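Worksheet for the structure shown next.
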Amino acid sequence: MKFATSPETVLERLTALRAHDAPTHGGHVLSYVYDSGEPELDRLAGEAIRAMQPVNGLDPTTFGSVAALERDLVGFTRDLLGGDDEVVGTVTSGGTESCLLAVKTARDAWLAAHGLRPGEARPRLVLPTTAHAAFRKAAHYFGLETDLVPVTATGEVTAAAVAERVSGPAAHDVALVVVSAPSYPHAALDPVADVAAVAADAGVPVHVDACIGGMALPFWPDLPDWDLRVPGVTSLSVDLHKYGYAPKGVSVLLQRGRDRQRGQYFATTRWPGYPVVNPTLLGSRSGGPLAAAWAIVQALGHEGFAELAGRSRRATDALRDAVGAVEGLRVVGDPVGPLLAVATDDAVPADRRVDPHRWADAATAHGWVLQAQPAYSQDDGTRLPHTTHLTVTPVTESVLGELVPALEAAADAVRGEPRPDATALLAALPAAGAPADGVPGADPGTLDAETAAGLLGALGLDASRLGDDGPGVGPMAPLLAAVEALPAPVAERLLTELLARLVEPRRP
Ligand SMILES: *Cc1c(COP(=O)(O)O)cnc(C)c1O
């Protein structure tokens, strides 16, 4: 066959494109990527993917290997996370899908218990404000009301606050309570046992979101029970493409009780094609990430995961001490697991404070990518400060000698500089063609694509050139300040425009 472009050239082009990405290995990116620091594991994962490349995970009766690998992964995670024989599970494409399916299962169980069909009622999904956004997505997709429970200043929800939402008559319309082990924004470990006790009293199921912590916390010392050992926990999500070190595309959803879990499935024989029986949102699915995760689990075993978790833990402890000692910064709460959030230390005078987003931007200039998180106003009037997030992986331990001085130098470079003033930024906006009543009042429903792109341009974001100068969208401090100052629906509309335009075909 004659190719339009030779395979060699195609691969060269791919390599050239990848060269502009943020580095996935070496510990310089402290979010998104989970580097074990063991190249052998990456090679093994690559070979496993290649072996499974042509398989379709849609039908584990035709491709028995898919079922075998899935059994092993469910078994390994179930044992690790305290599940007994009543716990069954599914491999999904990622944490979001695991969370979506946990919510869908709970919704359908609630509807069935009330003799209702989807759309006839909107049950409540009770979740801490710090629960992963995937649960807001789940509520949006599956027609539930989110009932957001404020967390304390250290980032945990309290059982008492959850009790207010689920006890007595309030329990009747609650489909599910969510807790995190730990939360993504602040690494706070919610009091799983106390919340589960409250929920069990009310007859409400509980999902533990251990997407990020599930493969690491089992190896953390001195933690209270937080997993399937806790009675009343009905489901748990754990991502293998995080601290399972597998390539993206693999997570496990464990559910207690076969009958409960069957509600996760979609099955139909009512069409002229093959009978469809899907435990997941996808139909055809890759066996690649599944095989990679399986291979890594086989190779590492319990001992290997323990050793890698130990590296992450030592690195996290070292970073926590180092960042905590930087004048003007503080570590938020009492982080549990290999991640932490950093905020301004308001206890020092303003001219000694370090803004965490300016700090992240300065660290980027030194070659270290940290993740900026916005402030958040809770319904009880309290405000969670804006922070910078660091996900720590085993490889981090080997680069502490460069990372810590870089973080200290970044703080020195911006100490005393206040956060960018969003008012000034937003003042530039109406000139770019915002509706006459001004941006803050703008109705995102009426913001068309052209207007939205114009507003992005006024904020210095031109999607048609994004990526040309390397990874990222530029300084995060002004962008996050603007995102926070805009009404959320407008900010969401603008960011949607940015991401949508990013993948529009470009003319040379
Ligand atoms: C990463 C994460 C998710 C979502 O997982 P994806 O794999 O990104 O879809 C959900 N919950 C928590 C706590 C996470 O850290």
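Position 1 is the first residue of the sequence; numbering continues from there. Whatever order the structure lists them in is the order used to number ligands and atoms, beginning at 1. All values derive from a computational prediction rather than experimental measurement.
- For ligand 1 and Asp209, the ligand atoms under 4.0 Å from any heavy atom of the residue are 10 (C), 11 (N), 12 (C), 13 (C).
- Applying the salt bridge (Lys or Arg N to Asp or Glu O under 4.0 Å) test to Arg122 and every residue at least two apart in sequence or in another chain returns Glu145.
- The Asp239 neighbourhood of ligand 1 comprises atoms 1 (C), 5 (O), 7 (O), with distances under 4.0 Å to a heavy atom of that residue.
- Ring pair His389/Tyr184 is parallel by interplanar angle, where below 30° counts as parallel and above 60° as perpendicular.
- A parallel orientation is assigned to the rings of Trp368 and His28, their planes being inclined by less than 30° (bins at 30° and 60°).
- Nearest to atom 5 (O) of ligand 1 among the protein's heavy atoms is Gly95 CA, 3.2 Å.
- Of the candidates Lys242, His241, Lys137, Glu97, it is Lys242 that places a heavy atom closest to atom 1 (C) of ligand 1.
- In terms of protein heavy-atom proximity, atom 9 (O) of ligand 1 is nearest to Thr96 OG1, 2.5 Å.
- Below 4.0 Å from some heavy atom of Cys211 lie the following atoms of ligand 1, by number and element: 2 (C), 3 (C), 10 (C), 11 (N), 12 (C), 14 (C).
- Using a 30° and 60° split on the angle between ring planes, Tyr245 and Phe305 fall in the parallel class, below 30°.
- Arg124 contributes a side-chain N or O that, together with a main-chain N or O of Ala170, makes up a donor-acceptor pair within less than 3.5 Å.
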